[in-house]
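One structure is given below, encoded as structure tokens.
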Amino acid sequence: MGCDACLPIRTGYTVSVQKATGVKEVEKYFKDISQNQWKNLGEGMFWIKEDIFWVFMEYVHQHLDPRHVWAVEATQRRPFDNLPRMEPITVFQKTKDALWIDELIEDKQICSYYQPIVSVDNERVNIIGHEILSRGLEEDGTIIPPFKMFEAA
């Protein structure tokens, strides 16, 4: 045993598959994935580590009816805590679509520009503040348009 501060918390998702045929498909999907990445919780419910969950979403869209697969963020140690907040797996697509910005940050592909904010008084320029502009960089070094960054954020 231990306290929450001492023990690592594995983030993931509790998933509920609401049709028996879907449960069998999901069990087939997980047979080749390491047991420390997922856990069968019984009665069509599974806990899935976060990075596996995003790949699993693709599988659901290809092989199951996504309307019958629901999920909620949960820790491995307490997979049932958030069940009342479960949503159809399709709701998580926007989050998945924005994951590229996390990779951008991890790969240090954000460039910040500092510029002064000035006032001119009797031909004298006074710096009254600074503005910081951050821009994401594509692999080739070109700037990602700010609106794409705001959408993802």
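These figures come from a predicted structure and were not determined experimentally.
- Here CD1 of Ile48 is found 6.5 Å from CZ of Phe53. Values are rounded to the nearest 0.5 Å.
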(request) Could you go through the side chain to side chain contact (heavy atoms under 4.5 Å, CB included) check for His61 and Thr90 one step at a time? (result) CA-CA 9 Å; His61 282 85; Thr90 54; 3.8 Å; yes

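- Between Trp54 and Phe92 the shortest heavy-atom distance is CZ3-O, 3.6 Å.
- Interatomic distance, Glu87 CD to Asn82 CG, rounded to the nearest 0.5 Å: 11.0 Å.
- Considering only heavy atoms from C-beta on, Glu43 stays 4.5 Å or farther from Val23 through its side chain.
- Take Glu25 and apply the salt bridge (charged side-chain N to carboxylate O under 4.0 Å, His left out) test, not counting sequence neighbours, and it matches Lys28.
- With sequence neighbours excluded, the residues satisfying ring-ring contact (aromatic ring centres under 6.0 Å, His included) with Tyr59 are Tyr29, His63.
- Residues satisfying the salt bridge (charged side-chain N to carboxylate O under 4.0 Å, His left out) criterion with Arg135, sequence neighbours excluded, are absent altogether.
- Residue pairs meeting the salt bridge (Lys or Arg N to Asp or Glu O under 4.0 Å) criterion with at least one member in residues 138-147: none, sequence neighbours excluded.
- The side-chain heavy atoms of Ile144 and Leu137, taken from C-beta on, include no pair separated by under 4.5 Å.
- Rounded to the nearest 0.5 angstrom, Asn40 CG and Gln35 CD are separated by 8.5 Å.
- For Asp81, the side-chain contact (heavy atoms from CB on, under 4.5 Å) partners are Arg78, not counting sequence neighbours.
- A distance of 6.0 Å or more separates the ring centres of Phe56 and Phe46.
- With sequence neighbours excluded, the residues forming a side-chain contact (heavy atoms from CB on, under 4.5 Å) with Val120 are Val125, listed by chain and number.
- Side chains of Lys19 and Leu64 form no contact here, defined as non-hydrogen atoms less than 4.5 Å apart.
- The distance from atom NE2 of His130 to atom CG of Leu133, rounded to the nearest 0.5 Å, is 12.0 Å.
- Residue pairs satisfying the salt bridge (Lys or Arg N to Asp or Glu O under 4.0 Å) criterion with at least one member in residues 106-133, sequence neighbours excluded, are absent.
- Nearest heavy atom pair, residue Pro79 against residue Ala74, reads O-CB, 3.8 Å.
- With sequence neighbours left out, the ring-ring contact (aromatic ring centres under 6.0 Å, His included) criterion links Trp38 to Phe30.
- The shortest distance between side-chain heavy atoms of Leu104 and Met149 falls below 4.5 Å.
- Checked against salt bridge (charged side-chain N to carboxylate O under 4.0 Å, His left out), Glu58 has the following partners two or more places apart in sequence or in another chain: Lys96.
- With sequence neighbours excluded, no residue forms a salt bridge (charged side-chain N to carboxylate O under 4.0 Å, His left out) with Lys31.
- Looking at Val60 and Val17, their side chains never come closer than 4.5 Å, going by heavy atoms from C-beta outward.
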(request) Before giving the answer on side chain to side chain contact (heavy atoms under 4.5 Å, CB included), spell out for Met45 and Leu83 the whole-Å C-alpha distance, their side-chain angles and the decisive distance to 0.1 Å. (result) CA-CA 11 Å; Met45 296 188 81; Leu83 292 185; 3.4 Å; yes

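- Counting Ile, Leu, Val, Met, Phe, Trp and Tyr side chains that sit under 4.5 Å apart, directly or through other members, Ile117 shares a hydrophobic cluster with Ile128.
- With hydrophobic clusters built from ILVMFWY side chains whose heavy atoms lie under 4.5 angstrom apart, Ile143 does not share a cluster with Ile101.
- In this structure, the side chains of Val69 and Met57 stay at 4.5 Å or more apart for every pair of heavy atoms.
- Note that CZ of Arg85 is 11.0 Å distant from OG1 of Thr14, once rounded to the nearest 0.5 Å.
- Cluster partners of Ile132, by chain and number: Tyr114. The rule joins Ile, Leu, Val, Met, Phe, Trp and Tyr whenever side-chain heavy atoms lie under 4.5 Å apart.
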